[in-house]
Amino acid sequence: MNDRSEHIARRARDLYRRASHDIDPAVAGRLRAARREAMAGPSTSTAGRLLLPAGAFAVLALAALLIWPQAPRPASTMAPAMATIALGDADSDLPPDADSADPAMVEHLQFYAWLADDTGKASQR
């Protein structure tokens, strides 16, 4: 250290000592209490000790639910019945019943009507 920095450090120490001697006793007591509280460290509460294991358990339960494989669902018995009905109706000129028709086909009924009209016009050309 050079002379200038030693002089500044000595002056700062003197100012601190004078200020600490001139402090009000009530303020000094509060400062000592705050220092003791700060030196005691963080207080551990019961809620804080319980939240950590409970949170870890909740995370593990959520991860288990997300990772756990879904139970296989039984195959629908409706699919083979629909296939036999569709094969039986393939030769008829009548449209299928509403109960046995494919829902996707019913949704696009106008397209199929247009397609039937267009193929009739194409064969006449």
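Keep in mind the model is a prediction, meaning the values are calculated, not measured.
Among residues two or more places apart in sequence or in another chain, the side-chain contact (heavy atoms from CB on, under 4.5 Å) test is passed with L31 by I23, V27. Taking the side-chain contact (heavy atoms from CB on, under 4.5 Å) definition, one finds that R35 meets it with M39, sequence neighbours left out.
Interatomic distance, CG of D3 versus CZ of R10, reported as 8.5 Å (0.5 Å rounding). Once rounded to the nearest 0.5 Å, the distance linking CG of N2 with NE2 of H7 reads 12.0 Å.
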